[in-house]
Every structure is written in C-alpha cells, then in structure tokens.
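Below: one structure, written as structure tokens.
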Amino acid sequence: MIERQSTKLRQLLRAKTFLHMPSVYNVIGARLVQSLGFEAVYIGGYVTGGSTAITEPLLTMNEQIEPARNIAQNVNIPLLADAGSGWGEPIHTMRTMREFIRAGVAGVHIEDALYPKRAHYHKYVVHGVPVEEFVEKVEYSCKERDRSDPDFVVIARTDTCRALGLEEASMRLNKAADVGADLGLLFPRTRQEAEDAPRKCRLPLVYVQSRGNRDGRPIIPRKDLEQMGYIGCIEAQVTLCTEFHFLKKALTELRNTGDYTGMTNAEYVASRQAVEDIIGLDEYYEIEAKTVEARQPKDQLS
C-alpha cells in the first residue's frame, strides 16, 4: 500500500523536522524542489493565480486543486496547499478538505479572510471575518479531516495581525487550536512580533517569507526562524518572481538582439539534460528499448 503524503508529513512533524517549502505551481518546479533536498513543497494561491494570469482572489476551488493534484501525484515529498477561505461557509470548507485529500495533498491552510476574496488583498487591505466564523470553518475542516484522513494537516491562518496586531491574531489561532487545528500561520509585522508569536500561540507556527512584499514584513533567515521556534517556512514568491525576472531578461535580449548570451551552449546542453532527467526520460527509453524499439528493423530510419 502506498503511504499517504499526509502520513509522511506527520512523521516529519513528529521528528521536529523544519519544513522549508518553496511555493511552486507546476510539476517540474516541484520535482526540482524535491531533487534539491527540500523537506516538503507548497502550492500557494499567489503563484497559481499569477502563473495563470487570473490572480488569487478570482481562483476557483478546482483551479487550485487541479495543479495541486498534478504535483502531489508526481513527487514523493509532502505537498501543502493554500486553500484560501475554503471557498465558502463550513459545508463548503468541508468539501474543500475532501477534495484536497482526494488529490493526495498532505495538508492545507484555511484563512479568516472574507469570501469571495477581493483584489485589494494584494494591497494588504485586510477583510477579516468575525472570529466566530473563522473558528467554525476550522472546526468543521478538522471534523472532515478526522473523517476522511486523520493524518491530513489543517493549518489555521489569520491575516488580522497586519491590521489589528499580534494579540488579535494569536487569540484567533489559540481559538483555532481549541477546535483541532494542527498548525498556525500569521503575518508578523516586525521582527519583534515574529519572535513573540511562537510564545503567544499554542499552535506550532509556519512563517511566510514574502519576498518583494511592499508592507515592510521582515525576511528572516531559516536558522533564525528555527531558533525562534517556527516549525516551517513557506517561500511564497521565490519561484514565480525569480522565473519571471530572469525569463524577462532573456526574452528582452532575444527580442532586441536576436540572440541570447546569458547561457553558454554547454550550459544549455546541461540544462536540457537536467530537465530530461527530472521528468524521467531514461525510464521511458529503457521500456521502449525492451518493447517497441526492439522490434524495429535495424536499418529503418528513426
């Protein structure tokens, strides 16, 4: 029997393994993350919305679950996912849990933002729902977890620290802990708040490295986060923005000059080989060599 990714994630958490999770939006990115030794991988609403030019606030549940399913079924490390506000009220949130579980995802976070999410979210405008509504969503998410896959990890996320401060945010996460949440996620505004948060919250916390943020949130080295007591770190923008930055430079040079000099031919050869290795072409070659290619006449042109 194939071990669930959720079970693998639980094992990592029990072993107190710090989870450093780049946020990806496709399988090849996830395979690269896995190949470099990261403990887990993450798919965020920001990268899914950005890579599809839909934007996170307009994503439907299926538009987030389908790429998550593709990734989860093609890597061996646990995948965590952004489940937004659960796409509705408690009954909708329960269905959201079921669908992510069926997709093979190891865990998700549920937030206390208004649904449907507004585009002003990207301007750091907080549209928080009352704490009672948030706790209900977390509670019923946990009920579905217990029924469908007890190893599935439910992360309670609050955005209220940005507008109302650490006391409000930690209070919300502590109430989420009371109804069964496994982990917590908030957004400290300063390094001091980042240091204080693990002491104020009864849930183990995941930090979000939001590189390029425009509201002054600190980027904190992994070693420091571990010392502060965080159990993991999401790298929310590192793949999408890095890829966009360097691809834009390459395409600009190609358009302006008709050539691209940013990589040598040897580097291109190596990169092509690395892509083929990471998607497993050697296995396909071996199977074909023993079957269809073995029956092909030797003098037939390929």
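The figures that follow rest on heavy atoms only: side chains count, while hydrogens, waters and symmetry mates do not. A quick note: this is a predicted structure, and the numbers were derived from the prediction, not measured.
- Distance CD/E56 to OH/Y46: 9.5 Å, rounded to 0.5 Å.
- Hydrophobic clustering places V41 together with F152 (ILVMFWY residues linked when any side-chain heavy atoms are closer than 4.5 Å, directly or through intermediates).
- Between Y42 and H109, the two ring planes are parallel [angle under 30°; tilted spans 30° to 60°].
- Considering only heavy atoms from C-beta on, C142 comes within 4.5 Å of R145 through its side chain.
- Taking the centre and axis of the six-membered ring of Y207, the NZ or CZ atom of R191 falls outside the cone set by 45° and 6.0 Å.
- Between the side chain of Y121 and the backbone N or O of P57, no donor-acceptor pair lies under 3.5 Å.
- Between D215 and R189 there is no salt bridge, since no side-chain N of the basic residue sits under 4.0 Å from a carboxylate O of the acidic one.
- By the criterion of side-chain heavy atoms lying less than 4.5 angstrom apart, applied directly or through intervening Ile, Leu, Val, Met, Phe, Trp or Tyr residues, I43 is grouped together with M97 in one hydrophobic cluster.
- Side-chain atoms of V108 and I155, non-hydrogen and from C-beta on, never get closer than 4.5 Å to each other.
- A salt bridge links R102 with E99: the distance from a Lys NZ or Arg NE/NH1/NH2 to an Asp or Glu carboxylate oxygen falls below 4.0 Å.
- The line from CD1 of I219 to CD of Q209 is 5.0 Å long, rounded to the nearest 0.5 Å.
- Here the side chain of K8 pairs a donor or acceptor atom with the backbone of N76 at under 3.5 angstrom.
- Listed for the D112 side chain is no donor-acceptor partner under 3.5 Å among the backbone atoms of V129.
- Between M61 and T96, some side-chain heavy-atom pair lies under the 4.5 Å cut-off.
- Heavy-atom neighbours of R95 CZ from other residues, nucleotides or ligands within 6.0 Å: at or below the threshold of 12.
- Linking ILVMFWY residues whenever their side-chain heavy atoms come closer than 4.5 Å, directly or via other members, leaves F38 and M21 in distinct clusters.
- The closest side-chain donor-acceptor pair between E253 and T261 falls under 3.5 angstrom.
- Counting all heavy atoms, side chain and backbone alike, S23 lies closest to G44 at OG-N, 3.2 Å.
- From R10, atom CZ reaches atom CG of D149 across 8.5 Å, with rounding to the nearest 0.5 Å.
- Using a 4.0 Å cut-off between a side-chain N of Lys or Arg and a carboxylate O of Asp or Glu, E111 and K117 qualify as a salt bridge.
- Ring centroid separation for the pair Y115 and H127 does not come in under the 6.0 Å cut-off.
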*So H20 and E39, side chain to side chain donor-acceptor pair (under 3.5 Å) or not? Walk me through it.*
CA-CA 6 Å; H20 197 180; E39 303 81 7; 5.7 Å; no
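- With V27 as the fixed residue, the side chain to side chain contact (heavy atoms under 4.5 Å, CB included) test singles out one of I278, V75, N70: N70.
- Between L240 and V24 the shortest side-chain heavy-atom distance does not fall below 4.5 Å.
- Hydrophobic cluster membership is shared by L79 and I279, with clusters built from Ile, Leu, Val, Met, Phe, Trp and Tyr side chains linked at under 4.5 angstrom.
- In this structure, H122 contributes its side chain and A119 its backbone to no donor-acceptor pair below 3.5 Å.
- Distance CH2/W87 to CG/N62: 9.0 Å, rounded to 0.5 Å.
- In this structure, CD in E195 is found 10.0 Å from CD in Q227, a value given to the nearest 0.5 Å.
- A salt bridge is defined here as a Lys NZ or Arg NE, NH1 or NH2 lying under 4.0 Å from an Asp or Glu carboxylate O, and R199 with D196 meets this definition.
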*asked:* Would R4 and I101 count as a side-chain contact (heavy atoms from CB on, under 4.5 Å) here? Give the steps.
replied: CA-CA 10 Å; R4 288 178 181 262; I101 289 169; 4.0 Å; yes
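- Electrostatic pairing of R172 and E168 counts as a salt bridge here, judged by a charged N lying under 4.0 Å from a carboxylate O.
- Using a 4.5 Å heavy-atom threshold, the side chains of R147 and M94 count as touching.
- Checking Q64 against T48 by side-chain atom types alone, a donor-acceptor pair falls below 3.5 Å.
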*Give the C-alpha distance, both sets of side-chain angles, the deciding distance and a yes or no for salt bridge (Lys or Arg N to Asp or Glu O under 4.0 Å) between D159 and R157.*
CA-CA 7 Å; D159 286 17; R157 164 182 161 168; 2.8 Å; yes
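- The 12-atom threshold is not exceeded at OH of Y284, counting heavy atoms of other residues, nucleotides or ligands nearer than 6.0 Å.
- For the pair R162 and F187, the cation sits on the ring face: its NZ or CZ lies under 6.0 Å from the ring centre, inside 45° of the axis.
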*Can E167 and K200 be said to form a salt bridge (Lys or Arg N to Asp or Glu O under 4.0 Å), step by step?*
CA-CA 8 Å; E167 293 300 324; K200 289 181 175 291; 2.6 Å; yes
*Go through the steps to decide whether I234 and D82 satisfy the test side-chain contact (heavy atoms from CB on, under 4.5 Å), and finish with yes or no.*
CA-CA 11 Å; I234 291 168; D82 182 347; over 6 Å; no
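- By the criterion of side-chain heavy atoms lying less than 4.5 angstrom apart, applied directly or through intervening Ile, Leu, Val, Met, Phe, Trp or Tyr residues, L203 is grouped together with Y230 in one hydrophobic cluster.
- Using modelled atom types and a 3.5 Å distance limit, the side chains of E3 and Q11 yield a donor-acceptor pair.
- Enclosure of atom CZ in F244 is not indicated, since only 12 or fewer non-hydrogen atoms of other residues, nucleotides or ligands lie within 6.0 angstrom.
- In this structure, the side chain of S35 engages the main chain of L32 through a donor-acceptor pair within 3.5 Å.
- For K143 and Y140, the positive end sits near the middle of the six-membered ring, less than 6.0 Å away and at most 45° from its axis.
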*Begin from the C-alpha positions of C233 and R222 and carry the test side-chain contact (heavy atoms from CB on, under 4.5 Å) through to its verdict.*
CA-CA 8 Å; C233 164; R222 177 174 64 188; 5.8 Å; no
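- The backbone N or O of E132 sits nowhere less than 3.5 Å from a side-chain atom of K175 that would complete a donor-acceptor pair.
- A donor-acceptor contact shorter than 3.5 Å is absent between the side chain of E276 and the backbone of Q273.
- Among all heavy-atom pairs drawn from T60 and E63, the shortest one is N-OE1, 2.9 Å.
- With I231 as the fixed residue, the side chain to side chain contact (heavy atoms under 4.5 Å, CB included) test singles out one of L205, L183, L12: L183.
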*asked:* Would S85 and T93 count as a side-chain contact (heavy atoms from CB on, under 4.5 Å) here? Give the steps.
replied: CA-CA 8 Å; S85 299; T93 302; over 6 Å; no
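- Without hydrogens or angle criteria, S210 side chain to N213 main chain gives no donor-acceptor distance under 3.5 Å.
- The distance from the CG atom of N174 to the CG atom of D178 is 7.0 Å, given to the nearest 0.5 Å.
- Residues Q5 and D151 fail the side-chain proximity criterion, which asks for heavy atoms closer than 4.5 Å.
- The two atoms that bring A156 and L173 nearest to each other are O-CD2, 3.3 Å, heavy atoms only.
- Side-chain contact between K249 and T252 is absent, with no heavy atoms from C-beta onward closer than 4.5 Å.
- Inter-residue side-chain proximity for Y285 and D282 is flagged as met; some heavy-atom pair is nearer than 4.5 Å.
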*Please assess Y25 against E243 for the test side chain to side chain donor-acceptor pair (under 3.5 Å), listing each intermediate value before the final yes or no.*
CA-CA 12 Å; Y25 53 91; E243 289 169 13; 2.4 Å; yes
